[in-house]
Structures are given as structure tokens and as C-alpha cells.
Protein chains: 2
Amino acid sequence: MVKITDVARRAGVSPSTVSYVLSGKRSISAATRHRVEESIRELGYRPHAGARALASSRSNVVALVMPLRSGVHVPVQMQFAAAVVTTARTHDHDVLLLTQEEGDDGLRRVADSALVDALVVMDVQLNDARVPLLRSLGLPSVLIGFPAEAHGLTCIDLDFTATGEECVAHLARLGHRSVALLGSPPEVYVRDTGFARRTAAGFTAAARRYGMRSAVLPCAPGPQAARETVDRLLREHPDLTGVVVHNEPALGPLLEAFHGAGLRVPADLSVVALCPDEQAEGAAVPLTSVAIPAAEVGERSVELLMAKLAGREVPDATLLPPRLTERASTAPRTPTT
Amino acid sequence: MVKITDVARRAGVSPSTVSYVLSGKRSISAATRHRVEESIRELGYRPHAGARALASSRSNVVALVMPLRSGVHVPVQMQFAAAVVTTARTHDHDVLLLTQEEGDDGLRRVADSALVDALVVMDVQLNDARVPLLRSLGLPSVLIGFPAEAHGLTCIDLDFTATGEECVAHLARLGHRSVALLGSPPEVYVRDTGFARRTAAGFTAAARRYGMRSAVLPCAPGPQAARETVDRLLREHPDLTGVVVHNEPALGPLLEAFHGAGLRVPADLSVVALCPDEQAEGAAVPLTSVAIPAAEVGERSVELLMAKLAGREVPDATLLPPRLTERASTAPRTPTT
DNA sequence: CCTTCGAGTCGAAGCGCTTCGATGAACGGT
DNA sequence: ACCGTTCATCGAAGCGCTTCGACTCGAAGG
């Protein structure tokens, strides 16, 4: 194994000089830098990560805590993870993969043992048990999603309020006057996720602003539940011409239920979905949709982390603007006779 | 930060004794062990990972190299990754996530810098450029999949030969006499993956053994290609009653093409798929299938790695037996009039 | 011309842990 | 009673790196 003293000897300098060439923390003459860099290349030198971590109290590793078993759409998680790894690498950091399973202890372990020097925590819930822990850990962290009490934490997510608004705005532009949001099953609203509520709030507020009639209905997954939801929707809102679906697993069944009810998309009903692009593209009628910008979230979270590690101030909350992609499922309202 | 000397002082022993309690590498009296463990608990001591790595030249981290952008079914990859992380944790190791993108350099980097002490490499291709590198790296590694020249490497995968055989055996038991394997697009056979060929070999050998007529056809993805493949298949093998599909993306289109050709599954045609269970269950007619045992592969690969790290001998090749799950798409051959 | 300063470099002191050899103590065998 | 063993523990020497203070030298400032 080649070490820093080997490089130093070959370049005719002291080990500390080599270190300074590597870190750039002190000025080095061009000539010396050159010789050192040459020696490094020739010897194929790589600093020993452990030694470095010990001496500098920086491991250059960030932890990524993933919900490896959750209901979140898996390919989206993957995109996110890929973005985190890639971005971390551009900042000379590596990524340690932790699962939600290990829970609190896992976080504490990697933090206390100085295995990592920052954390990215995915899938944060409204009342996430890890939040107090993260506060006390003394390591920079970024949360994907917003807990109820986010003060002093750095959080990032799609701006679901704006997403709700944007979907309504799109339908408004197309002339729709009566719209509905089909959301998550009731328990989700109660239990954990802030985003369901935020979407609904944006949706409702925008509808009011545009002077549209609007409704918000929860929807359980499964064809049976979808049919019931659609029945109820059409009964209670016979003039409905636009819906927004914020419920990936129920999306397919709902579309079939619309079909079953004799509604053609988009002729009779315009549909906007909140779902991954693949899903939107794969539907029988390609769906106008807003996707979770997973790659962007991943990239930005690492960037926030790096900023914090560098001692820079970062905003507590980062909300990424929704991007609505128009596809075939939305059309101007056909004036009903 | 609490360190080993703090624990030692509190327990009234020397640091080395604490270390030996932790590692179990020397015998310690029950009384002393007890006092030390108590102190550790009370102080909340965690050894500094870097210091440990430096002193012991073991980082207790394994690298997982994932193809984060590839065509491999993503949820299956996830399952695999989850199993790797979980199993690694049971052996007191953590997992560093690398992407294929970083390529050779990434492997060399984490190896040379002693960031990790072993590697799990997914998605190994027949002529994988990383193979020579892995040989020269001097770290234990486990490959998921088999390269052309696997000598001296530890590889693990589903036993595709046995899988081909098992599918045929299943159809044979049901009385089928003429079967076909619909495989990957032609380029796959040529380019990279050994498993396509191995499945075909097992399939053909078993068919011969059972005295069945058999054919192997490649199949490109997409509805168009699927229809052409099915047309050709029925034309060339009019007596066909069973097919095995080893091509996840083409599976849906193929089923539709069968339907379009007037074939009912399983009444007219029995279908066995090689695909994830979710996909098999989600089909219109739930498919009899063999799944890649991702979780098992992940677990076993880490176990192999740990054995190698412990200096134990491990087999070069580990082939996991296929498990065929019967669902609705296969049925006894209905004797044609 | 002497001081001051900054740029460039070195030496040495750790960072927190593991591990090796050494040291006692206890113990059974003769 | 003595010796060889084994068991339990300690002290000290690193592991390979970073970093702090100190030093030198030439240029700039008075």
C-alpha cells in the first residue's frame, strides 16, 4: 500500500506538503504542486479513508436513509437514490445506505461512530419519530418531506400546494368549471403524510379563486373502491368535467371506473394525475400529469447538505415547483348542451 | 465525544482491555467484562469508525455496486439491495452504495482508499470489463451473474439452466408435447447476458429428454414485434400448447398477441413466465412463473462475502434453485380432437 | 538599510483505536 | 516447593493522515 510518505519522498517534499497539495488549504508553489501531483499519479496513491477521517474528523460520507419496504413508488425512490449518489460524488463524498428498518439506532450509530458526516432522510412523516433525534444528533441533515414541527430542520419536497393549484389552473384554462380531487385513502390524511393535505389545500384555494365548483374525495385502492368513489362523485357532482387524481395505486382502477361509467377521457372528462411519468405515459390514454421530481430532489438535498457542511446558511424549507406535462387526458371543456 | 479511554477510566481498566471486551479477541474475566460493558452503556460509547479502520485495517463496510439506470426490473433491484443491507447489518457491516456510472474508477477508489473491505457487484455481464479489475483488487468480492471467465471469482445467481428445465418439466407433467421458449431480443443473446443462453439450454435439453417438440424464439419488445413473433410461432408450430416467456417487457404484449390470435390462456395455451411475482400476479390471467429470488441472492451474496472475509473457503459458483409458482396460466393439455 | 509581511515549506504532535509482547497471578503436576 | 501453563490484564507502539506553529526567504514599505 502506497502512503503519503512515499509520495512525499518521491517528490522530495514533506508529507504535510503533500497533504496541502491535496486539500488546497495552504498555498503551494506551482512547481512543487506539479511534482507532487506527478508522484501521486505515478504511484497511484489514494489517501487512506480511515486515516483521513481520524485526523480530520470528516469521513466524506453521507448517509442515505431509505424506506426500502414502503408503498412509495419504487422506481421513483431509485431515481432519487441515483441522484443522491451522483451528486454526492461530484462533491467528493460517498453514500452509505441505511434502511428505515434500523430506525433510530441506525442513525445514532452512524452519527456517533463518525461513519458519516451528514444525513439524507427520505420519506419523512408528519409525526416522524426521528425528528427529535435528528435535532439532537449534531450532524447536518436534510429531510425529504415535511414533519409537523420542522423548525430548525432543513426540508425539501415538491411544492404540493402549488401542485394542487397548478392542476386547477390547467383545468381552468381549458374552461372547466367543476372539478374534483381524488386523493389518498382517508387513513393517509390522518396518519402521516403532510403532502395529501397540502395538495388538497392548494386545489381548493385555487378552485375558489377561479370561481370553480370543487370537491375533494378520498379514495381507497382497488377496483371495487374505485367504482364506489366514481359513483359517488358523479352522483354528487353531475356537472363535473375535470378531475385530479393524487393516488398512484388507485389511478388505474379509477380510469377503468370512469370508462365503466361511460365517460370518455378526455371528451367527457379531463384527468390530471400526480404520478411518475412512466405511469402517465403507460395509461391507455396518456395522462396529463405532474411528477415528483425525484432526481431534482435528490440533487438539491445533497447540495443543501454540502452547503451546511461548508458552514453556509441554507433555507429551512425548499419547495420545488411542480411541472405539469400535458398529454392526451385533458382537453377543453365541451360545452354541454 | 466519548472515547475508549473514557470508558477504560470509568471501568478502572486499560484501554486495551476495553478493546478486547469489544472484539472478544482475548479472554476477559466475567467481572471485568461486566464493568466495561456497563461503562460503555452508561457513557453511550461508540468506537470511532475511522480510528478503528485505521488501526485494524478493516472498515466493516461493503460496497454495493448497482446499475441504477439499467433495464433490470427496478423493484427487484430494490429487494436485492434491501437484503444486502439487512444481511450486512447482521454481520456488523454497513453498505456503501456505488453506481455503475462511476465504473472501474469507483471500484478502484473505494478499494484503494480502504473505504470498504469487500464488494458486491450486481448485473455482471458476460464480458464484463470489471472482471479483470476485481481480480487484481485484492478485496473479496461477489458477483451477481456470471461472466464468461469466472475462474477464481465468486459468483451467484438463479440457476437459469435448471429454470429452463423446471418450466419444461412443469409443462410436461401437464401433458404438453410441443413447447416454445420466447426469449430476449436477439442482441441480448449476443451481447452480454449469459442467463438468456443458459435458460435456452436448460429448456431445450429438458424438452429433448421428455421427448417434446421444442423451439426457441427471440422476441423484441413492443406490441408490433410481439404480434409478429406470435404469428411466426403459430405458423411454424401449429401444434404448440405451451410457452415459456423469458422476457419481462415483452410479456404483456405477447399475452395480448395470443389473445388477439384467438388463443385462450390456459385453455388453448399454457404460459409460464420468468418474471417478478408482482408482474405475474398482476396479469389478466395470473401467470404461473419463476421469479428471480432477489432477496435470497442478496442475503447469500453477503454471507459469501463474510465467509471470504473470515478467511473461509467458498464455492466459486452458487446457483439458486428455481421455484416455480403455479398460478392460473397453466393447465393440463386439452387433447385436441 | 532594516523591518515587516506573506508565500511556501517543514516537523511534530496528535486523531482514537488495535495489537503485540510483557507481566503477574493462579494453578495443577511432580 | 518448584516449574511450566494458562488466564487476565496492561503499556506502548503504531495505523496514515491532518494541522498547527515555526521557520526561511525574498519582496515591499518606511
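Lettering of chains follows the sequences in order, A, B, ..., and the numbering in each one begins at 1.
A donor-acceptor pair under 3.5 Å is absent between the side-chain atoms of A:R33 and the main chain of A:V21, judged by distance alone. No donor-acceptor pair under 3.5 Å is formed between the side chain of A:H73 and the backbone N or O of A:V76. No donor-acceptor pair closer than 3.5 Å links the side chain of A:D159 to the backbone N or O of A:P321. Side chain of B:S59 to backbone of B:L115: a donor-acceptor contact under 3.5 angstrom is found.
Looking at residues two or more places apart in sequence or on another chain, you find a side chain to side chain donor-acceptor pair (under 3.5 Å) between A:D128 and A:R130. With sequence neighbours excluded, the residues satisfying side chain to side chain contact (heavy atoms under 4.5 Å, CB included) with B:T318 are B:I156, B:R300, B:L304, B:P315, B:L320. For the side chain to side chain contact (heavy atoms under 4.5 Å, CB included) test, residues two or more places apart in sequence or in another chain that qualify with B:P140 are B:A118, B:L305, B:K308, B:L309. Taking B:A307 as the reference, B:R312, B:V314 meet the side chain to side chain contact (heavy atoms under 4.5 Å, CB included) condition, with sequence neighbours excluded. Residues satisfying the side chain to side chain contact (heavy atoms under 4.5 Å, CB included) test with B:T87, not counting sequence neighbours, are B:T90, B:H91, B:E299, B:V302, B:E303. Scanning for side chain to side chain donor-acceptor pair (under 3.5 Å) contacts around A:R109 gives A:E102, B:D94, with sequence neighbours left out.
The C1' atoms of five pairs define one axis at each end of the helix from C:dC1-D:dG30 to C:dT30-D:dA1, and these two axes lie 40° apart (to 10°).
Only B:K3, B:I4, B:S16, listed by number, bring a heavy atom of residues 3-16 of chain B to less than 4.0 angstrom from any atom of DNA chain C. Residues from residues 19-32 of chain B that place a heavy atom under 4.0 Å from any atom of DNA chain C, listed by number: B:S19, B:Y20, B:K25, B:R26. Near DNA chain C, defined here as any heavy-atom distance below 4.0 Å, the residues from residues 35-60 of chain A are A:L54, A:A55, listed numerically.
Sorted by first and then second residue, the salt bridge (charged side-chain N to carboxylate O under 4.0 Å, His left out) pairs with a member in residues 2-20 of chain A read A:D6-A:R9, A:R10-A:E42; sequence neighbours excluded.
Taking 4.0 Å as the cutoff to heavy atoms of chain A, we find the contact window on DNA chain C bounded by C:dA7 to C:dG16.
Annotation: side chain of A:R108 is in contact with side chain of A:L133 (closest heavy-atom distance under 4.5 Å). Here the side chains of A:P15 and A:V18 are not in contact, with every heavy-atom distance at 4.5 Å or above. Inter-residue side-chain proximity for A:F146 and A:D316 is flagged as unmet; no heavy-atom pair is nearer than 4.5 Å.
Checked for salt-bridge contact, A:R41 and A:E38 meet the test: a charged N lies under 4.0 Å from a carboxylate O.
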